[in-house]
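These notes concern the structure reproduced below.
Letters go in sequence order (proteins before strands), and every chain restarts at 1. Keep in mind it's a predicted model, so treat the numbers as computed, not measured.
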Amino acid sequence: MAIAARKDELRPGAADAHYDPTVYHPVTSPQGTEISIRDFKLWYGSAQALYGVSMEIQKGMVTSLIGPSGCGKSTLLRSLNRMNDLIDNLTVSGDVRLSGQPIFGPQVDVIALRKRMGMVFQKPNPFPMTIAENVTYPLKVDGVTNKKLLAEACESALKGAALWEEVKDRLQESALGLSGGQQQRLCIARAIAGNPEVLLMDEPCSALDPIATMRIEQLIEELKSSYTIVIVTHNMQQAARVSDNTAFMYLGRLIEYGETKNVFTRPTSKRTEEYVTGRFG
Amino acid sequence: MVDMAQTSDEYMDGAKDKAPASRFSMARTKGSDLTARGEPMVWAMGGSLAFGLLMISGFLALIFWNGFTAFWPKPLEIVTTVSGRTIAGEPLRTESYHPGAEILAALEPSVRDAIIDNGGFADRTLYRIGNYDFYGNDFEWVSAYEVKSVATPKDLMLVERQEWGVFIGTLISMDADGQVSNRPTLDALNAAHERTRALREARIAIEKGPVGDINHEINELRLSIRRAEIKYGTDSPEMIAAQEHAASETVRLTKEFDKLSAQVLAARAAEQSVTVKVADIGGDARDFPLANFVLYYFANDLSLAAKVQIYLERWWEFLSAEPREANTEGGVWPAIFGTFVMTVVMALLVAPFGIMAALYLREYARQGRIVSLVRICVNNLAGVPSIVYGVFGLGFFAYVLGGSIDAMFYPEHLPAPTFGTGGLLWAALTLALLTVPVVIVATEEALASVPRSMREGSLACGASKWQTIRWIVLPRAMPGIMTGLILAMARGAGEVAPLMIVGVVKLAPELPIDAIFPFVHLERSFMHLGFHIYDVGFQSRNSEAGRSMVFVTALVLLALVLVLNTVSIIVRNRLKRRFAGDKF
Ligand SMILES: Nc1ncnc2c1ncn2[C@@H]1O[C@H](COP(=O)(O)OP(=O)(O)OP(=O)(O)O)[C@@H](O)[C@H]1O
Ligand SMILES: [Mg+2]
């Protein structure tokens, strides 16, 4: 994968006559920008998936990505920690920075980058190990072997993920014995155990029941003070409940981005309005 | 296809506009016919499975029946023929046969007519008559029309001897240190037998232990001179020193050797002090040292318990003793041990090779045309005849690799090869090469089946590719890899052809693992159950003599493969259990 200037790249609006230029509502945060995305384009082989996305993700806030299926939310999210590197024939262009440092580029240390961002996936993916081993996996990766340190990190991460009370007596049991909701919170604990700056969540509640979903939402609320959170969701109420800012994407383009209440109550783009009111999607 | 004819008829009628509708309705009515429901296919599939199962279970039943009954003591019979000859033996099996024209012509008219009435067939029974040193023959066919009478006297005795195979006849007397007792009781015989056998074992222990050590030391001295010669030149001071040292040591060792020889001679005399006089059915009486009898019993005078005891004793001898009588008698312990060690060494060699190759192919190599080509080649390697691997193993491993090792590390042994000839290590390497495609294919499949979400989870935690493989992918793929290893081991343990070239021998004097430094001797040639079957069944002086051994050895080989596989399957299931309960 490389940053390539593609000759055949599509200019926004060049191919799609219905393209709306992105509407930006003002977004700010006291701490400033965490991730800045400028004109980011991405191709899977020859199929373009993202058409020049530009947005500033604010530090210490929850940013939700919404949009119909296949619009490129996961693609964008997985580009932030370069999870897409696993895919062959991927091309990107544009400028993406995490606290001012470029994310793409030959000199970037991908492993160091990923350590600064925790990721939670759509389906809980605990490793086939004990609960404690799962949580301390990022520390194991860093070569930490001190038992006391590991135990402390395990406890604080599990407490941070609101799972400690439920599993403190079974830390040495297999993580696969947990319920789906517990597994997802375990994955959140694992993501925060590495002490990242950003949490990326790709539909973290889509495999969970309403009660487990509620717990995760509460958790996001609590985590917000310590992490910058980017969450992909299909659930409009969820986006409205948990996020400070919302980005609406459509067909690989960012259509509208702004404070959640603005996007939901006074959408400027017609497409956004239709989507958030449930008329299409 | 079925409604073609009708459709074309309709086209010919010119009813083109109606055709679609009628085709549709026809398709509906044809929907439930036999071919559509696939019933003949189901029958064919079921039949194929049943046929396969039948062949396998028939094969297993044959081996099990013949293997498990081989050691059961059978009754002995004395057959008196119409011509007045008597034959004593163990009836083995009866069959119909077609007597030749000259034989028929020589028969009594009434007997001949009876045979002709029977379609030209007569029955005959195979007797094991033993006494090879008496008759020069162990087996004899007796036709049913020859038999005048059959008796089963209780005093008929069967003896398995250390040499010359089985003896069948009667016990006349026992001579213990000059004290002759006619027709000794079984208890007296047993007591004397136990005593002399113990003496014999003690004598063999001396021969194998201290005497063997002295031979080993003398050989080492000779090698030390040679080593000095190679290193410092002929007649160098070092070589002369080594020669002097060897000379003085040899004097000491020779003295010790003489002392031990005297001991052995004395032990041999004591062991031979008890002899028994036995006579065959024709009255030919001869004396044998009792210590040369391995096992004896009065076949027609056995209680069930005694039979069971003999049966178990024979099994024990078979599993724990060395072979005798050109492998047709005695045990197969060296072959069991050789097969086991070779299979384990092979698994230890093939596992790292195969797993690492598959890891590279699947995880690191750029998936493209070259990798596909490599994959096809690996799969096709499995189709190369195994004898070709044997030739390669001998040519490359033994002669090239082994030859270089000899030149570098064992120059003093030359021209006698150490590693430069077939041996356990080369055999194991050859089989590893033979089975590595199985391991590669299985490992690749196991790696591919590790869910992507696991790898992504690990990478997202900041793990490197190697850490992810090491901690997430490999443990998860382990059960599948083990399955590949199990298949490879089963294949390797049963392979014979390449081994005949790279190190298996008919009779190996030493086991590959023993008490002599460095304890594991991978350069030694070894015995193998598969080759043993071939050797006993097809290479011995009398195929009848090896017949039961073939089945018993096959049974043991099956059991050994079963044990190895069971152990690996238990290990695999342990691993699998860690990944159970994977639920959402
Ligand atoms: N590995 C891939 N190779 C090729 N095309 C891909 C790949 N992954 C995604 N795409 C394509 O890129 C586009 C965006 O996919 P993406 O997964 O980002 O959508 P999404 O917004 O996350 O959808 P959903 O809400 O259904 O998860 C889709 O058209 C999809 O088909
Ligand atoms: Mg998605």
Side-chain angles (χ1 to χ4, degrees), chain A residues 77-78 80-89 109-130 133-143 173-181 183-184 186-187 190-196 199-200 202 207-208, chain B residues 359-372 374-375 443-444 446-483 571-584:
Chain A
L77 191 78
R78 293 163 59 88
L80 298 182
N81 69 345
R82 294 200 36 188
M83 223 48 199
N84 282 334
D85 284 17
L86 299 184
I87 292 160
D88 290 332
N89 293 326
D109 180 354
V110 181
I111 288 175
L113 174 81
R114 286 188 186 139
K115 283 178 183 167
R116 296 172 64 186
M117 304 200 200
M119 188 165 208
V120 179
F121 297 82
Q122 182 168 352
K123 256 170 101 181
N125 57 350
F127 303 138
M129 313 168 171
T130 66
E133 280 170 339
N134 258 283
V135 177
T136 55
Y137 188 78
L139 284 86
K140 183 179 179 182
V141 164
D142 285 340
E173 282 173 34
S174 168
L176 302 178
L178 295 173
S179 77
Q183 287 188 355
Q184 193 62 305
L186 182 73
C187 292
R190 188 173 70 195
I192 62 180
N195 212 4
L199 267 185
L200 307 175
D202 193 349
L208 305 180
Chain B
L359 269 178
Y360 188 82
L361 264 184
R362 172 66 56 182
E363 302 285 335
Y364 286 97
R366 238 186 97 84
Q367 304 298 315
R369 203 169 290 163
I370 296 177
V371 167
S372 310
V374 169
R375 221 168 256 145
T443 306
E444 272 212 79
L447 292 175
S449 73
V450 175
R452 195 193 173 88
S453 66
M454 290 288 147
R455 297 166 193 266
E456 288 188 342
S458 170
L459 290 172
C461 286
S464 67
K465 186 163 188 172
W466 170 241
Q467 285 172 324
T468 302
I469 289 173
R470 172 77 194 68
W471 291 328
I472 305 293
V473 177
L474 267 187
R476 181 78 203 216
M478 223 34 176
I481 296 175
M482 287 293 292
T483 305
V571 172
R572 182 185 67 186
N573 289 352
R574 282 251 171 103
L575 290 171
K576 248 187 196 163
R577 216 170 302 147
R578 282 178 44 197
F579 310 117
D582 203 340
K583 53 160 191 187
F584 292 108

Next item on the list: Please look at A:R116 and chain B and tell me whether the side chain, the backbone, both or neither of the residue comes under 4.5 angstrom of a heavy atom of that chain.
Entry: neither
Notebook entry, point to check: Between atom NZ of A:K140 and atom CD of B:Q467, what is the distance when rounded to the nearest 0.5 Å?
Noted result: 9.0 Å
Item checked: Rounded distance [0.5 Å steps], CG in B:L459 versus CE in A:M83 -> 4.5 Å
Check: Which atom names give the shortest non-hydrogen contact between A:R114 and B:G462, and what distance separates them?
Finding: CB-CA, 4.1 Å
Note to self: Between A:D142, A:V120, A:L86, A:N81, who has the most heavy-atom pairs with chain B when the cutoff is under 4.5 Å?
What the structure shows: A:L86
Next item on the list: Give a yes or no answer on whether the side chain of A:N125 reaches the backbone of B:M454 with a donor-acceptor pair at less than 3.5 Å.
Entry: no
Note to self: Quick check on B:R452 against chain A: is it the side chain, the backbone, both or neither that has a heavy atom closer than 4.5 Å?
What the structure shows: side chain
Item checked: B:S458 vs A:F127 side-chain heavy atoms within contact, under 4.5 Å -> yes
Check: Of all heavy-atom pairs between B:I472 and A:Y137, which one has the smallest distance, and what is that distance?
Finding: CG1-OH, 3.4 Å
Checklist line | Considering all heavy atoms, the nearest B:C461-A:K115 contact | finding: O-CG, 4.2 Å
